[in-house]
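Note that the structure is a prediction, hence the values are computed from the model and not measured.
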Amino acid sequence: QVQLVESGGGLVQAGGSLRLSCKYSGRTFRSWAMAWFRRPPGKEREFVASINWNGFSSYYTDAVKGRFTISRDNAKNAVYLQMNSLKPEDTAVYYCASDQSFMFGTSWIPRYWGQGNQVTVSS
């Protein structure tokens with residue numbers, strides 16, 4: 001009963017918005033940190049944002065700060081990534097992830113990962 005499933009990706013024009021959702025199974029995730037990572041085409045995975053268990057603390061990579069917002073609703077077993085003012089550089093496969101420790105940074109490798117969801121931003 002350990003599963004993370006992303007949804008909400010797709011194709012959007014630059015300047016537009018998308019909202020990614022990640023539904024998780026297993027009550028353990030309610031008390032674990034959640035995060036979003038992404039892998040742009042031809043590049044390595046990079047950290048996007050993370051949020052602690054109660055949603056009161058969060059981190060963002062500089063590239064998305066002020067444009068993306070991570071949030072969670074433990075009652076609905078979900079974590080979200082609201083993406084506004086999207087840029088072509090945001091094009092990537094986005095992954096939901098979770099770990100017991102609240103961390104941030106590209107070097108962080110959470111224990112559990114979703115399957116990924118494609119976001120494509122056209123210019």
Side-chain angles (χ1 to χ4, degrees):
Q1 198 174 342
V2 178
Q3 187 176 14
L4 303 170
V5 181
E6 305 97 333
S7 63
L11 176 64
V12 65
Q13 288 185 284
S17 299
L18 282 175
R19 181 173 179 258
L20 298 180
S21 298
C22 175
K23 299 288 290 186
Y24 50 86
S25 60
R27 66 186 305 273
T28 297
F29 293 122
R30 296 182 180 180
S31 60
W32 284 28
M34 304 295 294
W36 290 95
F37 287 75
R38 66 186 183 185
R39 186 184 296 276
K43 298 182 179 180
E44 297 297 318
R45 182 193 70 251
E46 62 185 40
F47 170 80
V48 176
S50 62
I51 189 167
N52 77 330
W53 72 273
N54 62 11
F56 290 165
S57 298
S58 59
Y59 291 107
Y60 298 90
T61 186
D62 288 343
V64 308
K65 198 170 299 181
R67 300 188 297 119
F68 291 11
T69 302
I70 187 172
S71 62
R72 69 188 299 167
D73 187 341
N74 287 341
K76 296 182 178 180
N77 290 356
V79 61
Y80 309 98
L81 185 68
Q82 178 66 45
M83 304 183 291
N84 298 327
S85 301
L86 282 162
K87 305 175 181 179
E89 307 92 86
D90 296 318
T91 295
V93 176
Y94 283 72
Y95 299 90
C96 179
S98 184
D99 198 286
Q100 186 173 6
S101 298
F102 179 42
M103 301 289 288
F104 64 94
T106 298
S107 62
W108 177 36
I109 305 177
R111 293 185 180 183
Y112 299 100
W113 297 80
Q115 83 286 358
N117 198 240
Q118 179 69 45
V119 171
T120 302
V121 184
S122 64
S123 58

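- Under a hydrophobic clustering in which Ile, Leu, Val, Met, Phe, Trp and Tyr are joined whenever their side-chain heavy atoms come within less than 4.5 Å, directly or via other members, Val121 and Tyr94 fall into the same cluster.
- Although no hydrogens or angles enter the test, the distance criterion places a donor-acceptor pair under 3.5 Å between the side chain of Ser98 and the main chain of Ala33.
- At distances below 3.5 Å, not a single donor-acceptor pair connects side-chain atoms of Thr120 with backbone N or O atoms of Thr91.
- Taking CH2 of Trp53 as the start and OG of Ser31 as the end, the distance is 8.5 Å to the nearest 0.5 Å.
- Exactly one residue among Trp113, Tyr95, Tyr112 makes a ring-ring contact (aromatic ring centres under 6.0 Å, His included) with Phe37. That residue is Trp113.
- Atom CE of Met83 is separated from atom CZ of Arg67 by 9.5 Å, given to the nearest 0.5 angstrom.
- In this structure, Ile70 CD1 and Tyr59 OH are separated by 12.5 Å, a value rounded to the nearest 0.5 Å.
- More than 12 heavy-atom neighbours from other residues, nucleotides or ligands sit within 6.0 angstrom of CH2 on Trp108.
- One hydrophobic cluster holds both Phe68 and Leu18 under the rule that ILVMFWY side chains link at heavy-atom gaps under 4.5 Å.
- A salt bridge links Lys65 with Asp62: the distance from a Lys NZ or Arg NE/NH1/NH2 to an Asp or Glu carboxylate oxygen falls below 4.0 Å.
- Checked against the 6.0 Å centroid threshold, Trp32 and Tyr24 do not count as a close aromatic pair.
- Ser25 places a side-chain N or O within 3.5 Å of a backbone atom of Gln3 that can act as its donor or acceptor partner.
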